[in-house]
Asker: 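Dropping a structure here in structure tokens format, bear with me for questions.
Counting convention: from 1, in listed order, for ligands and their atoms alike.
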Amino acid sequence: MTNDFKVVHTIAEVREAVKAWKREGLTVGLVPTMGFLHEGHQSLIEKAVAQNDRVVVSDFVNPTQFGPTEDLAAYPRDLDRDSALVQDAGANILFNPSPEEMYYPDRTTAITMSTITEELCGKSRPVHFGGVCTVVAKLFNIVTPDRAYFGQKDAQQLLVIRRMVRDLNFDIQIVGCPIIREADGLAKSSRNTYLNKDERTAAPVLHRALEAGRALAESGEKSAEAIKAKVREVLATEPLADPEYVEVVDLNTVHPVATLDQPVLVAIAVRIGKTRLIDNFFYPELH
Ligand code: PAF
């Protein structure tokens, strides 16, 4: 590889490298991740490399965004594989801090959000988006990027981060990137590794259900209830699929709408066995 690349573990090292780049007038992209990288992350990194002179990828399983009964301890990790992928994709720094490096034990400051975190994933994961915003704000302050890259698979997260950036006046462009899928339509996710063989066979039902909903919207259907009923009907064909929510929400409030009179997000969370998977589409497509 020809790009300068290193793995760093401290905030001081990242700051030193970024200051040197900025002295040279170079632009900086940030791709925040929790590691165990796949082609979805790779596409974010490649976009960041194409649009910036230097790129930092963070690789940190952030404890504050997991609830007490969630999969923090089990969350998959593989730093060696991640660092090879990040270097191949052309980034310059993989920032892999410890929880102690990122969080003071006596910290008293955190970001909270209202309204747009109340529905969808925020409903069953009450601490999640506060933890995401807090760690992303910290990463923004550490890396001071010109642009930061987030996948549309975590659509509510993307809307939440855009809102935080607007509300708190971060001078950072948020770039949303399309969902990358397996050949059978399953959205790429680090959590797909939890699926056993039968569950993996069942999981593409999420995409099939959303495609049926999208086709109905494209045919002119305006009723959110009708779109949700179609999505649920397809999910019900798969016995291993247990829907947590099927929702059509407004992009500003992220609260349910009755009709598709404005741009909407159609989002689902479905348990396949013990694994909770999410998927979505924006209607019309986000550009
Ligand atoms: O999307 C993720 O992987 C995480 O929520 C993020 C944005 C890296 C914050 O920990």
Asker: Check each atom of ligand 1 against the heavy atoms of Gln65 and keep those under 4.0 Å away; list them by number with element.
Answerer: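 Contacts of ligand 1 toward Gln65, numbered from 1: 4 (C), 5 (O), 9 (C), 10 (O).
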
Asker: Taking only heavy atoms of Val135 into account, list the atoms of ligand 1 that are under 4.0 Å away from them.
Answerer: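 Atoms satisfying the 4.0 Å criterion: 9 (C), 10 (O).
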
Asker: Check each heavy atom of Thr33 against ligand 1 and say whether those closer than 4.0 Å belong to the side chain, the backbone, both or neither.
Answerer: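 Backbone only.
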
Asker: Quick one: do the Thr253 and Asp250 side chains pair a donor with an acceptor below 3.5 Å?
Answerer: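 Indeed, the side chains of Thr253 and Asp250 share at least one donor-acceptor pair under 3.5 Å.
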
Asker: Near Gln157, which atoms of ligand 1 are under 4.0 Å from a heavy atom of that residue?
Answerer: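 Answer for ligand 1: 1 (O), 2 (C), 4 (C), 5 (O), 7 (C).
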
Asker: How far apart are the C-alpha atoms of Lys228 and Glu225, what are their side-chain angles, what is the distance that settles it, and do they pass the salt bridge (charged side-chain N to carboxylate O under 4.0 Å, His left out) test?
Answerer: CA-CA 5 Å; Lys228 290 192 274 187; Glu225 241 356 284; 3.4 Å; yes

Asker: Among all the protein's non-hydrogen atoms, which is closest to atom 3 (O) of ligand 1, and how far away is it?
Answerer: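 Sorting protein heavy atoms by distance from atom 3 (O) of ligand 1 puts Met34 CG, 3.5 Å first.
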
Asker: Might you confirm whether atom NZ of Lys22 has over 12 heavy atoms from other residues, nucleotides or ligands at distances under 6.0 Å?
Answerer: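 Atom NZ in Lys22 is crowded, with more than 12 foreign heavy atoms closer than 6.0 Å.
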
Asker: Any Lys/Arg nitrogen of Arg54 or Asp146 sitting under 4.0 Å from an Asp/Glu carboxylate oxygen of the other?
Answerer: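 Salt bridge absent between Arg54 and Asp146.
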
Asker: What atoms of ligand 1 come closer than 4.0 angstrom to any heavy atom of Pro32?
Answerer: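 Near Pro32, meaning under 4.0 Å from one of its heavy atoms, ligand 1 has 8 (C).
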
Asker: Should we say atom NZ of Lys230 is surrounded by more than 12 heavy atoms from elsewhere, each under 6.0 Å from it?
Answerer: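 No.
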
